[in-house]
Visitor: 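Please see the structure below; I have some questions.
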Protein chains: 2
Amino acid sequence: MKAEDRRELVLIAATGVFGDRGYVATTTDQVAKAAGVSQPYVVRMFGTKEQLFLEVLGRALDRLLVTFRGVLAESSDNLSGRLGLAYVELLRDRGLLLSLMHGFLLGADPVIGPVVRRGFLNVYRFLREEAGFTAEASQRFLEGGMMLNTLVGLRMSDDFESDPSANELLCAALPQKLDVVLDLGAAQRAEQR
Amino acid sequence: MKAEDRRELVLIAATGVFGDRGYVATTTDQVAKAAGVSQPYVVRMFGTKEQLFLEVLGRALDRLLVTFRGVLAESSDNLSGRLGLAYVELLRDRGLLLSLMHGFLLGADPVIGPVVRRGFLNVYRFLREEAGFTAEASQRFLEGGMMLNTLVGLRMSDDFESDPSANELLCAALPQKLDVVLDLGAAQRAEQR
DNA sequence: GTCTATATGCGGATAGAC
DNA sequence: GTCTATCCGCATATAGAC
């Protein structure tokens with residue numbers, strides 16, 4: 001395997017771990033183990049843990065916008081619904097949306113803050129300028145996204161079977177694509193260490 | 001000052017710091033300094049940092065529900081709007097909503113996870129059972145709340161003046177009460193260390 | 001390019017004085 | 001009830017071998 005591939009591999013592994021534990025709680029050693037390399041090598045490749053996280057965020061935002069542009073290119077009817085479904089599908093990319101969400105809460109950080117604000121606003125601008133949404137429609141769309149991120153962060157699907165309220169809430173929040181969240185929850189619980 | 005008051009003081013200070021930095025990034029020393037006591041004393045009072053965070057979360061959820069019940073008791077017209085305004089007003093309680101939001105993303109944590117899921121579902125049940133909202137209305141309400149939390153976590157108000165998109169987004173998201181978020185942002189930047 | 005070994009700093013928690 | 005002093009473990013980062 002050559003270096004470029006290995007780098008991508010580490011980035012994917014890091015996305016998963018950051019998504020699970022957040023930026024600060026994640027150790028470079030956990031990332032290294034997940035990627036099957038040594039801890040110092042992870043640091044060597046990216047300089048610092050902070051740089052690694054920034055690359056994870058950048059990659060995640062890239063994929064998000066690429067995905068959305070793909071949906072837009074396909075057709076333009078029921079855009080909001082189709083973008084929403086594509087967003088939920090991104091949950092399959094382990095840790096992608098959750099790494100972003102963790103980043104969003106670090107707006108007070110002098111380095112991470114500006115990056116996540118710019119990233120979030122790029123998504124907003126896509127909705128307004130490329131997808132042609134009104135300000136209200138864009139906002140509504142993002143509200144749904146933040147709600148999904150939160151429910152996934154909460155691991156609300158853990159209570160899907162045992163708690164009627166959790167069940168109802170998830171069904172209401174995910175008219176379609178409920179299966180993606182439930183699959184993901186099962187996978188996460190399985191790999192629990 | 002007697003012990004009970006001091007305990008409350010530390011809890012308030014901790015809420016502010018946890019809200020700013022998140023659970024893991026917050027040090028018990030930062031909390032101690034913010035409260036004007038010694039670091040070991042903070043640990044003594046609450047046992048562990050984790051226990052302290054759990055108490056912060058519990059207090060925050062209490063205040064949230066107490067506030068909502070107060071709004072409900074006043075009158076029952078335009079409930080959704082009035083609950084929303086009361087929610088935004090809770091931003092004045094420094095770190096309260098952000099500590100909760102940080103907690104919500106720690107659903108994978110074996111100790112914190114169950115607590116935040118229960119707390120979130122209690123709010124949902126309030127909306128459904130006490131406020132009489134439909135499942136869809138409850139979900140919509142929570143979506144708006146998670147969006148607000150995210151925008152505040154992002155410190156989006158930092159870009160309010162310099163970025164037209166940020167400006168538009170904040171205005172769309174906060175038809176009223178924009179001043180609360182802007183005041184808060186100014187205060188946060190002022191105390192930046 | 002990738003590893004092992006390790007230095008260094010920091011933070012939670014404890015001991016114990018007052 | 002509250003402090004000072006301090007232990008200990010852990011995580012990032014560096015040095016340097018292969």
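Residue numbers start from 1 in every chain, and the chains themselves are labelled A, B, ... in the order their sequence lines are given, proteins ahead of strands. Since we're looking at a predicted model, the values are computed, not measured. The basis for the numbers below is simple: all heavy atoms, side chains too, and nothing from hydrogens, waters or symmetry mates.
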Visitor: May I have the distance from A:Arg44 (atom CZ) to C:dT6 (atom C1'), rounded to whole angstrom?
Guide: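 Nearest whole value for this atom pair: 14 Å.
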Visitor: How many Å lie between CG on B:Asp5 and P on D:dG1, as a whole number?
Guide: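 Computing the B:Asp5:CG to D:dG1:P distance gives 12 Å.
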Visitor: C:dC3 C1' sits how many Å from A:Met45 CE, rounded?
Guide: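 About 12 Å, once rounded to whole Å.
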Visitor: Show, in sequence, the C-alpha distance, side-chain angles and deciding distance for A:Gln139 and A:Phe133, and conclude whether the side-chain contact (heavy atoms from CB on, under 4.5 Å) test is met.
Guide: CA-CA 9 Å; A:Gln139 183 220 335; A:Phe133 285 14; over 6 Å; no
Visitor: What is the distance, rounded to the nearest whole Å, between atom CD of A:Gln30 and atom P of D:dC10?
Guide: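 In whole Å, D:dC10 P lies 12 Å from A:Gln30 CD.
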Visitor: Look at the side-chain N and O atoms of A:Thr28 and state whether any lies under 4.0 Å from the OP1 or OP2 oxygen of D:dT12.
Guide: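 Result: yes.
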Visitor: Of the candidate nucleotides D:dT4, D:dA13, C:dC3, which contains the atom at the shortest distance from the side chain of A:Thr48?
Guide: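 So the side chain of A:Thr48 is nearest to D:dA13.
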Visitor: Which nucleotide sits closest to the side chain of A:Val43: D:dA13, C:dG1, C:dT4?
Guide: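 Looking only at side-chain atoms, A:Val43 lies closest to D:dA13.
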Visitor: How long is the line joining CD of A:Glu8 and P of C:dG1, in whole Å?
Guide: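 It works out to 17 Å between those atoms.
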Visitor: Look at the side-chain heavy atoms of Ile, Leu, Val, Met, Phe, Trp and Tyr, link any pair under 4.5 Å apart, and say whether A:Val152 and A:Leu85 land in one connected group.
Guide: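 In one cluster: no.
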Visitor: How about A:Ser75 and A:Arg82: does a side-chain donor come under 3.5 Å of a side-chain acceptor?
Guide: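 Checked: A:Ser75/A:Arg82 side chains pair up, N/O donor to acceptor below 3.5 Å.
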Visitor: Of the candidate nucleotides C:dG12, C:dT4, D:dC3, which contains the atom at the shortest distance from the side chain of B:Thr27?
Guide: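 Of the options given, the side chain of B:Thr27 lies nearest C:dG12.
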Visitor: Rounded off to whole Å, could you give me the CG-to-P distance for the A:Leu9 and C:dG1 pair?
Guide: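 Nearest whole value for this atom pair: 16 Å.
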Visitor: Take B:Asp29 and A:Pro40, find for each the nucleotide of DNA chain C with the closest heavy atom, and name the residue whose nucleotide sits nearer the 5' end.
Guide: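 Nearest nucleotide further toward 5': that of A:Pro40.
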Visitor: Does NZ or CZ of A:Lys49 fall inside the cone over A:Phe18's six-membered ring, less than 6.0 Å from its centre and within 45° of the axis?
Guide: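 Cation-pi check for A:Lys49 and A:Phe18: fails.
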Visitor: Expressed as a whole number of angstroms, how long is the span from A:Gln39:CD to D:dA11:P?
Guide: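 The distance from CD of A:Gln39 to P of D:dA11 comes to 10 Å, rounded to the nearest Å.
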Visitor: NZ of B:Lys49 versus P of D:dC10: gap in Å, rounded?
Guide: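 It is 15 Å, rounded to the nearest whole Å.
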